[in-house]
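Working notes, beginning with the structure itself.
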Amino acid sequence: MIKVEGVSFKYNEKSILNNISLDIDKGKFLSIIGPNGSGKTTLLNLLTGYLSNHKGIIQYKGKNISDYRVEELSQNFAIINQKGDIKFPFTCLEIVMMGRKPFLKRINKLSQIDKKIVYKAMETTDTLKFANSLVTKISGGEFQRVMIAKALTQDPKVLFLDEAFSAMDISQKIKCLKLIKRLVETKNLTVISVIHDLNLAYMFSDEVCVLKEGKVVAKGQTKDVMTTDFIAHVFDIEVDQIEDKGFLIRA
Ligand SMILES: Nc1ncnc2c1ncn2[C@@H]1O[C@H](COP(=O)(O)OP(=O)(O)OP(=O)(O)O)[C@@H](O)[C@H]1O
């Protein structure tokens, strides 16, 4: 569904990504993990078309990402960025409603169906209670749930997440990840998630791609890639594995 072939990218003269090749299948939950500065966000930004000027090929459904119109991309992709802060005092309801914008003709108002979709997304993410609160006056974890609700209203084919759960408490993280995983299983949603939490990546991903110093050092089924020795090597840590559950990091 997404094909990356021989992709390299530089910021000014600094090489960030080096000859990356990657196939991302439809209906899978892929996590991108790796140390700080390894190029995860840069790769995600290239996949969404937010960054360009790369060498190599990036295609979505057989067509170069740069050949898509913005409207087409916004009808296919939902993106939750690491730095997705909104400084304007919209209400949470207004923010979630913006998720329906790619489906509105010209400046049409939301239809009853759009409103139902918005209501359902806020209900499932437990954000209805903030509907009339200003987005500038809710907590970081609450804000991230509002952004998930907005992404859900887009009914995306591909959901890009960049540390989208980082401010949530563990219970909310698991609820949101279960909700997203259900969409992968029932609606064939493709998820590409940059995540630092190794245990959440292990629990929820079908596949994992590991970046280190701008290169893909592994990509494959989660349990094949996330072995104790490999994780210890990539992150330079001491770690034990709890059979089929995750990792215990040794300090
Ligand atoms: N706008 C920018 N201009 C110049 N260099 C940048 C820019 N954004 C990122 N970089 C550099 O590119 C490299 C990769 O950054 P990137 O954000 O992709 O890494 P990451 O793996 O997502 O890191 P983290 O885990 O810390 O979020 C870093 O060395 C960073 O300093």
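Each ligand, and each atom within it, is numbered from 1 in the order the structure gives.
We find that D126 and K175 are not joined by a salt bridge, their nearest charged nitrogen and carboxylate oxygen being 4.0 Å or further apart.
Counting protein heavy atoms only, atom 24 (P) of ligand 1 is closest to N36 ND2, 3.5 Å. Looking only at protein heavy atoms, the nearest one to atom 14 (C) of ligand 1 is G37 O, 3.5 Å. Closest protein heavy atom to atom 16 (P) of ligand 1: T42 OG1, 3.6 Å. Regarding atom 31 (O) of ligand 1, its nearest protein heavy-atom neighbour is K14 NZ, 4.0 Å. The protein heavy atom nearest to atom 21 (O) of ligand 1 is K40 NZ, 2.8 Å. What sits closest to atom 27 (O) of ligand 1 on the protein, heavy atoms only, is Q82 NE2, 3.6 Å.
Checking only distances, G39 does come within under 3.5 Å of ligand 1, N or O to N or O.
Under a 4.0 Å heavy-atom criterion, E163 is not in contact with ligand 1. Between P35 and ligand 1 there is a heavy-atom distance shorter than 4.0 Å.
For the side chain to side chain contact (heavy atoms under 4.5 Å, CB included) test with K219, the passing option among L30, D23, L211 is L30; the others fail.
A donor atom on one side chain and an acceptor atom on the other are found under 3.5 Å apart for D162 and T41. With 3.5 Å as the limit, one finds no donor-acceptor pair spanning the side chains of E213 and S38. Using a 3.5 Å distance cut-off with no hydrogens or angles, the side chains of T42 and N45 do not pair a donor with an acceptor.
Within the 4.5 Å cutoff, the side chain of T190 has no heavy atoms near those of the I2 side chain.
Compare T41, N12, I16 by their heavy atoms: the one nearest to atom 17 (O) of ligand 1 is in T41.
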